Amino acid sequence: MQGQKAVWFLVILLLVTLPSLVFAETTLVFQGYSNPNEQVAQFIQNVLIPEFKKVHPDIDVKYVYIPFAEYMSTILQQAVSNTLPDLVYLDNPWVPQLIDANVLQNIRDYVMKDLGNDFWMDFFPGHRMVTSKDEGIYALQVHTNNLAIFYREGFLQKVGVEKPPKTWEELLDVSRKIKENLNLYGLIFYAGADEAGTWQFEPFLWSNGGSLLELDQKEAIEALAFVAGLVKEGYAPRDVINLKDQGDETIWFMNGQVAMMVNGNWEFGWHLLPDVLEKLGDVRVAPFPVPDAAMRSAVLPFGGECVGITTTDAEKSKYAWELIRIWFGEKLEEYYEKWTGHIPTLASYSAKIASIRPEFKVFIDQAAYALPRPPMGGMEKYPDVSNELALALQKALTGAQTPEEAFGQAAKNIRNLFAPEQYEKHKEFARNVLTEVLARTKQQ
């Protein structure tokens, strides 16, 4: 009897534990700051993951949303506590810092084996620069974007303006006419104390010849004075410093409270969807205004997000790469054409997408003069440089400090982030790149 009881005990134990052994799943955690209601997150959850599950039905993939404002600090805390997710969706300026912190894994072997060197070289140079270090590849940039002027054509026509402003002087003139005749704000832009605030100021800074690492110089101070003047004169709302994100601008724009806004092409996949555009009926896009009429284009930062692998587990890394490979393989064209308001990072797709989605043409044309932000601001130190600029911008826009005072102090703080030789090296690099690009904008 004792033997039979032992046998029955083993049978019961197997019946209890076998299901968990048979149906145990590997779970991949894909972390991003795209809100689950936004199109990138919907693409990941409704297209990318189901496509992956067709081949790997036993692998569970969980998308975890972290708000943008908390995202970078969360990743750094996860790295310290060994609780990193398996894949991450990142704003491209963060990539150098996370490479330096050993958070992102080198995926070069995966890229070369499955996609090849021609694929890697098809990325625009700036996108390769920001996602690689030495011989390693640590992320792939899935899309890019830049900034332009969105305008309500009807408002401009009401004040006798037939064409959108091409220069800073024209921007001031149109904004003045809008304020005086329609009692509306001429322009809205984002000036929060964060990276997006820096990002929206950089076209003014760089187009005027100012450098992130030389904010106390004439060109940088002039750019800050111009932007601060827009607020001071009432051409832009003082609330630009209190907006929660760049999407808030579009709400003002859609509601008819402003005639123009500085914003990016992603808005075509976020707020300015086809039904909204049809309802408004007069939304147009123009190139970013320049300080000098001889310039063909503004010098803009490029934005966009990257995907990278953070897990050190060999098996999970293989599956994480498979998700990335599907995104850049069979689903890439669908992603660009249908799912977002972003433009390609791969040169071979740009002309095609411009023909399919003509609303992107301005942004694609401007991409020729778009710069990666980290190399222009001290590489891995860029987030700290950006923070100093964003805080100075707020001080100048509120009138707490003059442009000279705000940028003078910011310049000192930025220099103190670097060892002297390191600062000179990064400053010279940024100045050389900026000089070269500015020269190209003035070639006839």
Side-chain angles (χ1 to χ4, degrees), residues 145-190 200-208 222-223 226-227 229-231 233-237 240 246 249-250 252-268 271-272 274 276-300 341 343 354-355 357-370 438 440-444:
N145 47 59
N146 55 66
L147 296 164
I149 297 293
F150 290 73
Y151 65 100
R152 301 288 298 274
E153 188 174 45
F155 290 151
L156 269 61
Q157 290 176 345
K158 285 181 180 179
V159 298
V161 176
E162 296 300 322
K163 295 181 179 180
K166 294 182 178 180
T167 65
W168 289 8
E169 184 178 352
E170 290 177 1
L171 180 61
L172 284 175
D173 184 57
V174 174
S175 296
R176 177 183 57 79
K177 290 176 178 177
I178 292 291
K179 178 186 177 182
E180 292 179 354
N181 294 282
L182 302 181
N183 196 29
L184 300 175
Y185 292 110
L187 180 73
I188 191 169
F189 53 89
Y190 181 87
Q200 286 221 1
F201 179 73
E202 282 167 336
F204 294 103
L205 175 71
W206 290 342
S207 297
N208 203 48
E222 284 179 350
F226 177 80
V227 172
L230 290 169
V231 174
E233 296 298 327
Y235 300 153
V240 295
Q246 295 172 92
E249 300 172 65
T250 312
W252 286 62
F253 183 74
M254 290 163 53
N255 289 342
Q257 296 168 278
V258 296
M260 300 174 286
M261 71 170 175
V262 174
N263 223 322
N265 43 274
W266 61 82
E267 285 301 300
F268 288 120
H271 292 104
L272 298 176
V276 175
L277 293 172
E278 183 178 2
K279 181 179 178 182
L280 295 176
D282 66 345
V283 175
R284 305 289 183 265
V285 181
F288 204 99
V290 293
D292 182 350
M295 296 176 68
R296 293 188 301 175
S297 178
V299 182
L300 301 127
I343 57 179
S355 65
R357 302 189 68 172
E359 68 271 27
F360 287 170
K361 187 177 187 309
V362 165
F363 300 98
I364 289 174
D365 289 346
Q366 289 185 151
Y369 305 99
L438 281 167
R440 285 198 287 120
T441 70
K442 295 182 180 181
Q443 291 174 356
Q444 301 299 320

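Computed from a predicted model, the values in this text were never measured in an experiment. Computed over heavy atoms, backbone and side chain alike; hydrogens, waters and symmetry mates excluded.
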Any side-chain heavy-atom pair of R152 and V258 under 4.5 Å: no

Hey, does M260 have a side-chain heavy atom less than 4.5 Å from the side chain of S175? yes

Any side-chain heavy-atom pair from K442 and D292 closer than 4.5 angstrom? yes

Could you check whether any side-chain heavy atom of Q200 comes within less than 4.5 Å of a side-chain heavy atom of L147, counting everything from C-beta outward? yes

Is the side chain of R296 donor-acceptor paired with the backbone N or O of R440 at a distance under 3.5 Å, no angle test? yes

Can you find a heavy atom in the side chain of S297 that is under 4.5 Å from one in the side chain of D365? no

For the residue pair L230 and F189, establish whether any side-chain heavy-atom pair is separated by less than 4.5 Å. yes

Looking at every non-hydrogen atom in both residues, tell me the closest pair between V285 and A148 and how far apart they are. CG1-CB, 3.8 Å

When F288, Y190, F150 are each screened for side chain to side chain contact (heavy atoms under 4.5 Å, CB included) with V262, the one that passes is F288

Can you check whether F363's main-chain N or O pairs, donor with acceptor, with N265's side chain at less than 3.5 Å? no

Compare all side-chain heavy atoms of D173 with those of R176 and state whether any distance is below 4.5 angstrom. yes

Answer whether the closest heavy-atom distance between the side chains of L277 and F268 falls below 4.5 Å. yes

N255 side chain to Q257 backbone, donor-acceptor under 3.5 Å: no

Any donor-acceptor pair under 3.5 Å from S207 side chain to V299 backbone: yes

Between F155 and F253, ring centroids under 6.0 Å: no

Between L187 and P237, what is the shortest heavy-atom contact and its length? O-CD, 3.4 Å

Check for a donor-acceptor pair, side chain of K179 on one end and backbone N or O of E233 on the other, with a separation under 3.5 Å. yes

Identify the two heavy atoms, one from L184 and one from G256, that lie closest to each other, and give their separation to 0.1 Å. CD2-O, 3.4 Å

